[in-house]
Amino acid sequence: MKLNLITQKFTQLFPGDFSENTMQRQTPDVMFCSVKPAEFDTTELIDFNEKLSEDIGLGKLENNEDFLAAQHLPENVKTYATAYAGHQFGNWAGQLGDGRAIYAGEIQNGNRQTEIQWKGAGATPYSRNADGRAVLRSSIREYLMSEAMFHLGVPTTRALSLAKTGEDVIRDIQYSGNPQKEQGAVVVRTAESFLRFGHFELLSARKQDDLLKQLADYTVENFFPEVSLENNPSKYIDWFQAICDRTLKMIIDWYRVGFVHGVMNTDNMSVLGLTIDYGPYSMMDGYDLEFTPNTTDLPGRRYAFGKQGQISHWNLATFANAIFPLIDNAEVLEKILDNFGKQFWVKHDQMLADKFGFDEVLKEDEKFFTEWQQMMQDLTLDYTLFFQQIEKPISEIKTDDFKDSFYRNLNENELKKLLNFIEKYHTRKLRNKISESDSLDLMSKTNPKFILRNYLLFEAIQDAENGNYEMFFKLKKALENPYENLYPEFNKKRPSKYDNQTGSSQLSCSS
Ligand code: AMP
Ligand code: MG
């Protein structure tokens, strides 16, 4: 590993607190604090993503297991945690910050720059009365899911390694006053940048307009090649437009693969439009617009599957408020936001057309999609399996085959509904101008054959907690090839025994 190539440009450019004081506190004058990771006695590397390591310029592992557990770091790696704020569940939460993420810095490979972070390596000034640790359970979830999203083609942060710290960590999973010992772990994650909406919200709330501008310039110059820098009086407007475009692409991809993030607070929104912070997320099994895996969100279902478009719009509006001092033109921001709402449905329809194998979106398709959505909701069919059942020559689609995607027995009326829909689909498909094989090709690239369902993760985690990583590595193989059916045993609906299982269907933020 080329650890000597790691730099810390961010800390050279922005004001920081180098005292290494980890006392939890407000840090009103700075954007980051130097922090040292915790010391662990007996770390154990579970997996290392060598391909990613090579891609970002860090190279092979070569006896550098210590680095992956944040131990015995070389001189040039000067670690830090950043300050950010955010709106949580719709309310201003003030200063938050990296409570258990610690940066190593950046690495450059050609003109590609990548930031490196440990998650779970110890407390920081932003740990807010928590321990800065992460448990094996949630670390496996982040490690596997971020890579699953990457291979599905969804913009995301990535995972470089997973290690156990050898420490016990105490967590009360159900917040029921029943804390348990769990195994501690550290994930190394990477992204072009981990900057969040919340980093800008914090500077704006503090009325530090000069720093806000400096951070915006840094972000545009380093991470937004699509924004013209030369003599561009509308640079920040173009930047906001680009953030909306990237966020839209990400959200539409979430809908395409059936991903529910679970905690779309503005501190969990990447400015680069990456899926970030894998907590109480879930892939959707039975189709349900109201589905949220997050027990904390259950009462309001603010972050339910069907609301993710609306919520990203709300988050972008909140971000627009934060960067308002740079633009000072409410009208133009409102116009971009309005357009986001309209574009959402254009892109959403286009995505559905791809899933159905249509060569274009026809005017009548809006009605077709609405009827489909209503049917899926009423019948609770498995989202992923449904699209696999229709990914065949139209004459070969049989309603009987859909049985594997039912979560309950359907009555005669309901079966008729399904049959009617298939007939409509047949009629609609005849209007395609592309060949049947081109249509099937489009479907096979759009519709995953493997999704990392929560119950699969749950099983892998139970085994891993007992020292058996067979399922973990099998899932890793499956998620690297999500458009192929490598493991038919994983390409199944959720077994009923997991319907109400804590840790599978219901997840808390405890991690
Ligand atoms: P989240 O809900 O995971 O997005 O976290 C919200 C805030 O709490 C962030 O500032 C996190 O870094 C912090 N946080 C969450 N869990 C922990 C933990 N175990 N130790 C320290 N900080 C945490
Ligand atoms: Mg977070």
Side-chain angles (χ1 to χ4, degrees), residues 22-27 31-33 35-38 40 70 79-103 115 117-139 141-142 145-146 156-157 165 167-173 175 179-187 189 191 193-202 205 260-272 274-282 292-298 302-303 311 315 318 507-511:
T22 50
M23 189 183 72
Q24 290 155 28
R25 62 191 187 275
Q26 294 291 313
T27 59
M31 287 167 64
F32 67 90
C33 290
V35 271
K36 289 263 176 284
F40 305 118
T79 48
Y80 61 98
T82 65
Y84 56 80
H87 281 77
Q88 299 190 317
F89 297 94
N91 303 308
W92 175 239
Q95 176 187 297
L96 299 165
D98 297 311
R100 55 175 173 167
I102 298 178
Y103 286 77
E115 290 177 1
Q117 276 188 349
W118 297 272
K119 189 165 173 182
T124 78
Y126 308 108
S127 292
R128 307 190 305 146
N129 297 322
D131 55 10
R133 280 19 181 210
V135 296
L136 182 61
R137 158 176 61 85
S138 64
S139 303
R141 285 175 54 82
E142 167 132 14
M145 194 65 201
S146 61
T156 178
T157 63
T165 61
E167 254 190 9
D168 282 338
V169 177
I170 310 293
R171 289 288 182 274
D172 182 358
I173 304 188
Y175 302 122
Q180 306 267 331
K181 266 194 211 164
E182 293 193 54
Q183 299 169 60
V186 170
V187 166
R189 60 181 187 181
S193 169
F194 289 103
L195 283 170
R196 302 147 188 265
F197 287 12
H199 281 101
F200 296 85
E201 289 181 83
L202 180 67
V260 195
H261 183 284
V263 213
M264 290 175 70
N265 293 330
T266 56
D267 54 300
N268 291 337
M269 294 292 290
S270 145
V271 158
L272 273 59
L274 306 172
T275 313
I276 189 171
D277 276 12
Y278 290 86
Y281 66 79
S282 179
T292 174
N294 181 358
T295 48
T296 314
D297 189 33
L298 273 175
R302 179 179 171 88
Y303 299 138
I311 286 294
N315 287 343
T318 305
L507 296 147
S508 73
C509 290
S510 161
S511 57

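Atoms within a ligand are numbered from 1 in the order they appear, just like the ligands themselves. This one's a predicted model, so the numbers in the text were calculated from it and none came from an experiment.
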Q: Would you please test Arg133 and Asp168 for salt bridge (charged side-chain N to carboxylate O under 4.0 Å, His left out) and show each step?
A: CA-CA 10 Å; Arg133 280 19 181 210; Asp168 282 338; over 6 Å; no
Q | Partner residues of Arg141 under the salt bridge (charged side-chain N to carboxylate O under 4.0 Å, His left out) criterion, sequence neighbours left out | A | none
(Q) For a side-chain contact (heavy atoms from CB on, under 4.5 Å) check, start with the C-alpha distance between Trp118 and Thr79, then their side-chain angles and the critical distance, and finish with the verdict. (A) CA-CA 10 Å; Trp118 297 272; Thr79 48; 3.5 Å; yes
(Q) Given a heavy-atom cut-off of 4.0 Å, could you list the residues near ligand 1 in chain and number order? (A) Tyr84, Gln88, Leu96, Gly97, Asp98, Gly99, Arg100, Ser127, Arg128, Ala130, Asp131, Gly132, Arg133, Arg171, Asp267, Asn268, Asp277
Q | Side-chain donor-acceptor pair present, Thr292, Asn294, cut-off under 3.5 Å | A | no
Q.
Ignoring hydrogens and geometry beyond distance, is a side-chain donor-acceptor pair present between Thr82 and Arg196 at under 3.5 Å?
A. no
Q. Quick one: does Asp297's side chain get under 4.5 Å of Phe89's, heavy atoms only?
A. yes
Q. Got a second to check how far Ile311's CD1 is from Arg302's CZ, nearest 0.5 Å?
A. 4.0 Å
Q. Only one of Phe194, Phe32, Tyr84 clears ring-ring contact (aromatic ring centres under 6.0 Å, His included) with His199; which?
A. Tyr84
Q: With 2.8 Å as the limit, jot down which protein N, O or S atoms are around the Mg ion (ligand 2).
A: Asn268 OD1, Asp277 OD2
Identify every side-chain donor-acceptor pair in residues 123-130 under 3.5 Å, counting partners at least two apart or on other chains, and give the distances.
residue : atom : partner : partner atom : Å
Thr124  : OG1  : Asp98   : O            : 2.6
Thr124  : OG1  : Tyr126  : N            : 2.9
Tyr126  : OH   : Thr27   : OG1          : 2.8
Ser127  : OG   : Gly99   : O            : 2.6
Ser127  : OG   : Thr124  : N            : 2.8
Ser127  : OG   : Thr124  : O            : 3.2

